Amino acid sequence: MSQIPYIFNQLVSFIPRDHFEYLVKKYNGNAYVKSYSCWRHLLVMIWAQVTGRRSLRDIEASLRIHSDKTCRMGIGRTVSRSNIAKASARRDVAIYRELAEEMMRRASRISCRDRILYEISRAFGLAGFFAIDSSTVSLALHEFSWSVPQEDTGGIKIHTMYDLLRNVPAMCLVTGHEERDQTFMEDYPYREGCIYMLDRMYFKTAGLYEITSSGAFFITRMKKNVRYETVASSGVDGTRVLSDETIRLTSRLASGGYPDVMRLVRYYSLENNETLALVSNNFGLDAATIALLYRYRWQIEVFFKWIKQHLRITRFYGTSANAVMMQVYVAFITFCMLAMAADAHKHKSTLYEFANMMSVVLTERIHLQELMERYERGQMLDIVADGPSLFDSDNL
């Protein structure tokens with residue numbers, strides 16, 4: 001009877017090994033490598049992400065403790081700090097970037113997790129909902145001298161497209177923090193029938209028209225200095241929607257970038273005590289739904305906060321640009337791997353709880369499904385134990 005694989009191996013099985021080896025061959029990643037292959041390096045970096053290792057010394061020590069198991073896990077019996085550092089600095093980052101792209105494509109097939117968005121998609125025939133934003137990670141210039149200084153600090157910017165239906169990233173691009181958010185708008189992989197929620201910093205007419213030309217929709221905030229004329233106006237229903245207009249941009253540059261009409265919805269945000277001027281190219285949704293969808297843009301902020309707190313993208317194992325970018329892409333690979341594993345085994349709680357659970361059981365030999373069932377039973381016992389007492393005042 002074959003032994004049950006380690007939890008680590010069951011998680012890593014969600015990574016397409018054949019596609020990864022194709023990328024290694026494509027970029028000649030294993031050239032002049034004796035034993036510490038690209039695959040072993042990927043496994044070590046995933047181990048470091050899931051277990052929250054703080055440094056190269058920390059990674060080495062944690063693997064040494066489990067040296068009797070790491071061979072069967074595919075990592076090898078010994079991994080030194082110098083091997084990890086050299087691989088992160090020298091291996092082609094394109095291998096890990098393109099693997100991250102493939103993992104995000106596969107993660108886009110998991111179950112929908114937001115019921116409200118799912119119902120809206122069915123009611124209005126929409127194919128998906130995505131938020132687009134970027135997050136900056138500051139870097140100390142004395143350590144990361146290659147980073148372009150801005151206000152006496154270095155940094156990188158992580159440009160991300162986030163699938164709001166499934167709560168997984170759909171695109172990731174790492175650049176210097178000097179790059180403007182709207183620089184790459186025309187190059188994003190827009191899909192027909194989808195709605196993209198963007199911050200006001202993405203109000204670039206050529207980029208918005210690229211979304212329209214792709215058969216997709218956008219919702220973003222209008223900048224204050226934009227000149228336009230009102231073509232038509234619709235009535236409002238007495239909610240927090242203040243106005244609903246069809247407009248045309250009138251300045252030469254703006255109208256040249258976006259020659260079509262667009263919709264302007266003014267909405268009072270009770271939470272922020274301010275009026276939002278939202279523009280969209282979708283004329284089929286009611287104004288209140290457009291305002292609701294824009295509020296979902298904040299989910300990408302939650303995602304950035306999650307990966308910064310629970311994956312290693314703010315403190316790095318190497319100081320070269322290659323090592324920094326590789327670590328970010330491996331973090332996205334790890335996130336998608338965890339999301340797919342949680343979905344495949346129908347984990348009912350949050351991904352945060354799932355990731356915490358995985359961080360302490362990677363070297364256990366138990367079927368992941370059995371572990372999930374054990375966890376669910378434990379939760380039910382906790383609910384029963386912490387439930388209302390017969391002697392609570394509400395029950396008397």
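The first residue of the sequence shown is numbered 1, and numbering continues consecutively from there. Computed from a predicted structure; not experimentally measured.
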Sub-4.5 Å side-chain heavy-atom contact between Pro169 and Cys336:
yes
For Tyr352, check ring-ring contact (aromatic ring centres under 6.0 Å, His included) against everything at least two apart and list the hits.
His310
Among side-chain atoms of His41 and Ser88, is any donor-acceptor pair under 3.5 angstrom?
yes
Is any side-chain heavy atom of Ile110 less than 4.5 Å from a side-chain heavy atom of Met340?
yes
By ring-ring contact (aromatic ring centres under 6.0 Å, His included), His367 pairs with (sequence neighbours left out) none
Check whether any side-chain heavy atom of Val324 sits under 4.5 Å from a side-chain heavy atom of Thr319, and report yes or no.
no
Could you tell me if Ser349 and Glu353 have a donor-acceptor pair between their side chains, going purely by distance under 3.5 Å?
yes
Trp39 six-ring face occupied by Arg17 cation (under 6.0 Å, within 45°)
yes
Side chains of Asp114 and Asn167 in contact at under 4.5 Å (non-hydrogen atoms)
no
Student check: side-chain heavy atoms of Thr183 and Arg180 closer than 4.5 Å:
yes
Dump the intermediate steps for salt bridge (Lys or Arg N to Asp or Glu O under 4.0 Å) on Glu370 and Arg365, then the final yes or no.
CA-CA 11 Å; Glu370 183 182 343; Arg365 286 185 183 275; over 6 Å; no
Listed by chain and number, what are the ring-ring contact (aromatic ring centres under 6.0 Å, His included) partners of Tyr294, not counting sequence neighbours?
none
Does a donor on one side chain sit under 3.5 Å from an acceptor on the other, for Ser111 and Lys346?
no
